Protein chains: 2
Amino acid sequence: MSAAEPASLFSALGDSTRLGLVRRLSDGRERSIVQLGDGLPMSRQAVAKHLDVLHGAGLVHRRRSGREVHYALRRDAIEAARHWLGEVSAQWDGTLARLKAMVEEGNRQGPLP
Amino acid sequence: MSAAEPASLFSALGDSTRLGLVRRLSDGRERSIVQLGDGLPMSRQAVAKHLDVLHGAGLVHRRRSGREVHYALRRDAIEAARHWLGEVSAQWDGTLARLKAMVEEGNRQGPLP
DNA sequence: GATATAAGCAACCAGGAGGTTGCTTATATG
DNA sequence: CATATAAGCAACCTCCTGGTTGCTTATATC
């Protein structure tokens with residue numbers, strides 16, 4: 001699945017188990033379900049469901065290899081989420097810069113009503 | 001509430017209504033509940049609940065002023081979420097750089113087993 | 001060919017999320 | 001003082017989520 005809506009992206013990241021999976025995949029290497037679930041206090045099916053959610057949000061890529069299925073992180077999705085947050089920060093900066101300019105302009109001309 | 005766990009942060013952002021509220025607040029100005037809910041196809045209480053979630057995750061700051069309650073975006077929380085994603089990207093880059101170095105090293109010394 | 005291993009499918013369950021409505025309380029304003 | 005407005009509280013409902021278990025299917029391996 002391709003990069004989805006920002007809300008689905010964040011929603012998929014909004015679970016500590018899935019965040020752990022993402023971190024585990026953050027080296028760019030691909031891993032099977034059992035590898036990813038190793039050490040986690042839940043069943044293989046639960047892990048598979050979490051990976052389904054990540055895949056549904058476009059955060060991971062899925063590749064079948066023999067009897068195994070390998071998952072790899074999709075960097076573009078991570079960047080998409082990061083970009084959304086960047087836009088928020090940018091608008092903040094932009095507005096504050098404009099406000100500051102306005103205030104300075106106002107001070108030069110005298111106090112505002 | 002102060003900046004919380006990354007999972008709570010992303011979870012709070014994982015809803016299109018709340019993303020809309022965050023975007024609406026991204027100019028840094030504070031707004032009341034009614035102002036924030038204006039135009040949204042839901043009751044005031046629903047909006048208040050969403051703002052509660054954002055506040056619980058540390059994404060907004062709450063200030064009482066007379067009979068109104070004003071909400072403002074907390075930039076540090078946005079940056080915290082952005083930073084987490086940045087770490088993932090960075091590890092990706094780091095591993096790839098190391099891998100590339102290893103491959104080049106390997107090529108100089110001959111093919112790996 | 002027999003057996004072990006990886007994954008898929010389906011049913012089920014408890015609890016939380018997102019929404020509603022009705023009523024109350026507190027602050028502004030005519 | 002009377003009334004309008006902003007917000008809080010609580011109960012309720014439905015649907016989704018995160019987890020389970022049991023069984024099946026497909027691929028490796030001895």
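Labels below follow one simple rule: chain letters A, B, ... track the order of the sequence lines, proteins then strands, and each chain is numbered from 1. Just so it is clear, the structure is predicted and the values come from calculations on it, not from any experiment.
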Task: N-O pairing of A:R23 and A:D27 below 4.0 Å - done: no
- [ ] In plain terms, say whether B:R24 and B:D38 are close enough for a salt bridge, that is, a side-chain N and a carboxylate O under 4.0 Å apart.
- [x] no
TODO: Whole angstrom is fine here: how far is it from CZ in B:R63 over to C1' in D:dA7?
DONE: 15 Å
Open item on the list: Rounded to whole Å, how long is the line connecting atom CD1 of B:I33 with atom P of C:dA26?
Closed with: 16 Å
- [ ] Take atom CZ of B:R67 and atom P of D:dG8, then tell me their distance rounded to the nearest Å.
- [x] 13 Å
TODO: Any chance you could measure B:H55, atom NE2, to B:Y71, atom OH, to the nearest 0.5 Å?
DONE: 7.0 Å
- [ ] Measure the acute angle between the ring planes of B:F10 and A:F10, then classify it against the limits of 30° and 60° as parallel, tilted or perpendicular.
- [x] parallel
TODO: Let me know the distance between CG of B:D52 and C1' of C:dG18, rounded to the nearest Å.
DONE: 13 Å
TODO: State which of C:dA28, D:dG8, C:dA7 makes the closest approach to the side chain of B:R64.
DONE: D:dG8
Task: Interatomic distance, B:E30 CD vs D:dA7 P [rounded to whole Å] - done: 12 Å
Open item on the list: I need the CG-C1' distance between B:L13 and C:dG18, as an integer number of Å.
Closed with: 17 Å
Task: OP1 or OP2 of D:dG18 under 4.0 Å from side-chain N/O of A:R18 - done: yes
Task: From D:dG19, D:dA7, C:dG19, nucleotide with atom closest to B:E68 side chain - done: D:dA7
Task: Donor-acceptor contact below 3.5 Å, side chain A:S43 vs main chain A:A46 - done: yes
- [ ] Take atom CG of A:L19 and atom C1' of D:dG18, then tell me their distance rounded to the nearest Å.
- [x] 15 Å
Task: Side chains of B:H83 and B:E79, donor plus acceptor under 3.5 Å - done: no
- [ ] Tell me which residues in residues 39-51 of chain B put a heavy atom below 4.0 Å from DNA chain C, sorted by number, or none.
- [x] B:M42, B:S43, B:Q45, B:A46, B:K49, B:H50
Open item on the list: On DNA chain D, does the nearest nucleotide to B:H70 precede the nearest nucleotide to A:G66 from the 5' side, or the other way round? Give the residue.
Closed with: B:H70
Task: Worked verdict on A:R75 versus B:D93 for salt bridge (Lys or Arg N to Asp or Glu O under 4.0 Å) - done: CA-CA 10 Å; A:R75 213 210 180 175; B:D93 290 337; 2.7 Å; yes
